[in-house]
Amino acid sequence: MVEVIEGKVYKYEKVLPLLIEQDKGIDAWSFCIPTGSGDPIFLNRCVERILNIDIPLKEIILCGKVNANFKYLDKVTLIDDGNDGETNHLTRKKNILVENASFNNVCIIHDRVLLPLEFYKAVKDFGDYYPLTGFQSFYFQDKYNFLPRKYSDFNTISQDLTKEIDIENVTKNDTNIISKLFYCYQHPVRCNFGHDYLTGSLYLTKKSLWLKYSQNENLFWNDYEDIEYGIRISSYGIPCRINPHAITQSMTSRSVIHYYGYVATYNVAGKITMSRCMLERLPFIQRKPLFRISKEEARQRAYTFAKKYGASKQTLLHISSASMTGISRYLIIKRIIADVTVKLDLIDEFMVDFSTYILCESMAPNEFDDIIRIMFSSASPKTKKKTLVMSFILNNQLFHSFSSSPFFKEKEDWFIKKGWLSNIGNFISAVNLKFFIPGVYFNGGVKKVKNMLNDTTPWK
């Protein structure tokens, strides 16, 4: 390799093989899934897909405690992470999984991700000597595949993180800094080395590479552990890339990953764009559930929260009869917040309960910190209550399910019924992804994109 810097010519000679060159071969794969004891509806589908992938050698390893309803215990190797189940030590789980992998090629995957049936062909087409690699990933907000959304794959951060923090010794205290920096989706054909990273949903890597540069166990889930990992390994000269020969679909999503349906992406020209599918404007397209809980459980959570913080009997009665569709849920939350009181020394506990019982999901750390700051300030109770009901996360949830329920009736509600309507949906989405939605890349025509969507759709 020859490089010219400031008029001087530098010649480099390779004297040792790369770590990934030592792990030759693409035929044997360890599929590693960090998991928990919750309802295994998505874990079952994720493992079923891996079992159906045609590949010469494979194993499936799970780390964590699985629910009794998990169907494939005899098909997997289960490793206990030694955790109490109260905290999601995701980085530790992933490190344990790779340590126990039998094969050199490792696919670390979250249980909500559905791999392509063409996985083996895609990795062969990409080649053996790959760095830390992922696939493009999409989530469909609706029940007929009309509303694709880029979801959790390849990102980039604008700032040089190594100048903001000690990248070799990142702790949870550093996450406040990371949360305030600007990051968005990177276009798959672009590269900003030292700034790009793969989100933690999917990693394709060589075992030796991961063992030498493992994840930082000082960080847990939602601690920006994927940003830290991607930037840290780039400091060792390891790039992150996208394999363009296949895609994955996410079977569920978090509302904090988008902004009222929009996502920030770099387009192919390197310009930041805010984009969403044009059909998101149509409220009558039936949406999938947002939460992994039923309407009855959501009503019980709201009741528990309201009773704990002193809501009136009238409010409690309203909760018991609330329909819990998008707008009615928002109005009942607004009523609860207007009716409850909380002492200053209980604010931290109150905010945790607000996330668990009212929002039913975790806030982004930066929004959580902003709201906590206001709650401890000298602002009036009216201002504090308004901050809660006007929070980004709550209104983003309302956008997702304005006229329908964000809670499931049946566990199959996340899966797509195969038929003429979903066939039209996949075709229209293929056209949108190929020609109109920035930040994505396909090296084939509309028919190939449609086949990729069909291949990765979680059918009923």
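Every value quoted in this text rests on a predicted model; they were computed, and no experiment measured them. One-based numbering along the sequence shown.
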Worked verdict on Ser158 versus Leu181 for side chain to side chain contact (heavy atoms under 4.5 Å, CB included)
CA-CA 8 Å; Ser158 295; Leu181 303 179; over 6 Å; no
Please walk me through it: do Gln141 and His400 pass side chain to side chain contact (heavy atoms under 4.5 Å, CB included)?
CA-CA 8 Å; Gln141 187 187 353; His400 182 280; 3.5 Å; yes
Stepwise side chain to side chain contact (heavy atoms under 4.5 Å, CB included) test for Leu161 and Ile178:
CA-CA 8 Å; Leu161 194 59; Ile178 300 174; 4.1 Å; yes
Could you go through the side chain to side chain donor-acceptor pair (under 3.5 Å) check for Asn243 and Thr133 one step at a time? CA-CA 7 Å; Asn243 181 332; Thr133 305; over 6 Å; no
Working for side chain to side chain donor-acceptor pair (under 3.5 Å), residues Asp339 and Ser312:
CA-CA 7 Å; Asp339 203 19; Ser312 66; 2.9 Å; yes
Before you tell me yes or no, could you show the steps for Lys417 and Lys143 under side chain to side chain contact (heavy atoms under 4.5 Å, CB included), namely the whole-Å CA-CA distance, both residues' side-chain angles and the distance that decides it to 0.1 Å?
CA-CA 8 Å; Lys417 184 178 180 181; Lys143 294 188 175 184; over 6 Å; no
Could you check Tyr151 against Phe138 for ring-ring contact (aromatic ring centres under 6.0 Å, His included), going step by step and ending with a plain yes or no?
-> CA-CA 5 Å; Tyr151 188 81; Phe138 301 95; over 10 Å; no
request  = List the steps and the verdict of salt bridge (charged side-chain N to carboxylate O under 4.0 Å, His left out) for Asp80 and Lys65.
outcome  = CA-CA 7 Å; Asp80 191 341; Lys65 297 174 174 62; 3.4 Å; yes
| request: Just do the side chain to side chain donor-acceptor pair (under 3.5 Å) check on Gln215 and Glu228 with the steps written out, would you? | output: CA-CA 9 Å; Gln215 287 211 317; Glu228 181 273 346; over 6 Å; no
- Message: What verdict does the side chain to side chain donor-acceptor pair (under 3.5 Å) test give for Arg329 and Ser323, after you've listed the backbone C-alpha separation in whole Å, the side-chain angles of each residue and the deciding distance to 0.1 Å?
- Response: CA-CA 7 Å; Arg329 171 179 175 257; Ser323 67; over 6 Å; no
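Using a 30° and 60° split on the angle between ring planes, Phe305 and Tyr357 fall in the tilted class, from 30° to 60°. Using cut-offs of 30° and 60° for the angle between ring planes, the His89 and Phe220 rings count as parallel. Using bins of under 30°, 30° to 60° and over 60° for the plane-to-plane angle, the ring pair Phe126/His245 lands in the perpendicular bin. Ring geometry for Trp414 versus Phe408: interplanar angle of 30 to 60°, hence tilted.
Using a 4.5 Å heavy-atom cutoff, the side chains of Thr265 and Gln186 are not in contact. Side chains of Tyr183 and Gln159 form no contact here, defined as non-hydrogen atoms less than 4.5 Å apart. Inter-residue side-chain proximity for Tyr120 and Asp27 is flagged as met; some heavy-atom pair is nearer than 4.5 Å. Residues Met452 and Gln136 form no side-chain contact, since every pair of their non-hydrogen atoms from C-beta on lies 4.5 Å or further apart. When side chains are defined from C-beta on, Lys206 counts as touching Asp128, because their heavy atoms get closer than 4.5 Å. Here the side chains of Leu279 and Leu282 are in contact, with some heavy-atom distance below 4.5 Å. Contact check for Asn95 versus Trp210: side-chain heavy atoms found under the 4.5 Å cut-off. You'll find the side chain of Ser328 stays beyond 4.5 Å of the side chain of Leu331, heavy atoms only.
Rounded to the nearest 0.5 angstrom, Thr387 OG1 and Glu367 CD are separated by 10.0 Å. Atom CG of Leu117 is separated from atom CG of Asp455 by 4.5 Å, given to the nearest 0.5 angstrom. The OG atom of Ser208 sits 5.0 Å away from the CG atom of Leu19 when rounded to the nearest 0.5 Å. Rounding to the nearest 0.5 angstrom, the gap separating the CH2 atom in Trp29 from the CG atom in Asn105 is 4.5 Å.
Residues Tyr185 and Ser152 share a closest heavy-atom pair of OH-N, 2.8 Å. Nearest heavy atoms, Ile33 versus Ile60: CD1-CG2, 4.2 Å. Taking each heavy atom of Tyr441 and His187 in turn, the nearest pair found is CB-CE1, 3.9 Å. For the residue pair Phe31 and Lys58, the shortest heavy atom distance occurs at CE1-CB, 3.9 Å. The minimum heavy-atom distance between Ile336 and Ala306, with the atom names listed, is CG2-CB, 4.0 Å. Of all heavy-atom pairs between Leu198 and Gly134, the closest is CD1-N, 3.7 Å.
Side chain to side chain, Lys450 and Asn423 meet the donor-acceptor criterion of an N or O pair below 3.5 Å. Side-chain contact, Asn454 with Trp459: no donor N or O sits under 3.5 Å from an acceptor N or O. For the residue pair Ser137/Gln249, the side-chain donor-acceptor check at 3.5 Å is not satisfied. At a cut-off of 3.5 Å, with distance as the only test, a side-chain donor of Lys94 or His110 sits close to an acceptor on the other residue. Remark: the Asn145 side chain and the Thr457 side chain contain an N/O donor-acceptor pair separated by less than 3.5 Å. Side-chain contact of Asp196 with Thr156: a donor-acceptor pair under 3.5 Å is present, judged by distance alone. Between Thr77 and Glu59, the side chains place no donor N or O within less than 3.5 Å of an acceptor N or O (distance only, hydrogens not considered). Between the side chains of Asn443 and Lys448, at least one donor N or O lies within less than 3.5 Å of an accepting N or O. Thr248 and Thr456 form no side-chain donor-acceptor contact under 3.5 Å, judged by distance and modelled atom types alone.
For Tyr260 and Phe392, the gap between ring centers is short of 6.0 Å.
More than 12 heavy-atom neighbours from other residues, nucleotides or ligands sit within 6.0 angstrom of CG on Asn52. Taking a 6.0 Å sphere around OH of Tyr259, one finds it holds 12 or fewer heavy atoms contributed by other residues, nucleotides or ligands. Under a cut-off of 6.0 angstrom, the local environment of NZ in Lys386 is sparse, with at most 12 non-hydrogen atoms contributed by other residues, nucleotides or ligands.
By the 4.0 Å N-to-carboxylate-O rule, Arg92 lies close enough to Glu217 to be salt-bridged with it. Arg287 has no carboxylate O lying under 4.0 Å from a charged side-chain N of Asp142, or vice versa, which leaves the two without a salt bridge. One finds no salt bridge joining Lys180 and Asp370 here, because no Lys/Arg side-chain nitrogen approaches an Asp/Glu carboxylate oxygen to under 4.0 Å. At a threshold of 4.0 Å, the pair Asp39-Lys411 counts as salt-bridged, since one of the basic side-chain nitrogens sits closer than that to a carboxylate oxygen. Salt bridge annotation for Glu118-Lys121: absent, with no cationic side-chain nitrogen under 4.0 angstrom from a carboxylate oxygen. Residues Glu48 and Lys71 are not paired through a salt bridge, judged by the lack of any N-O separation under 4.0 Å between the basic side chain and the carboxylate. Between Lys308 and Asp353 there is a salt bridge, since at least one side-chain N of the basic residue sits less than 4.0 Å from a carboxylate O of the acidic one. Using a 4.0 Å cut-off between a side-chain N of Lys or Arg and a carboxylate O of Asp or Glu, Glu280 and Arg276 do not qualify as a salt bridge.
A cation-pi arrangement is not found for Arg241 relative to Tyr130, the charged atom failing to lie both closer than 6.0 Å to the ring centre and inside a 45° cone about the ring normal.
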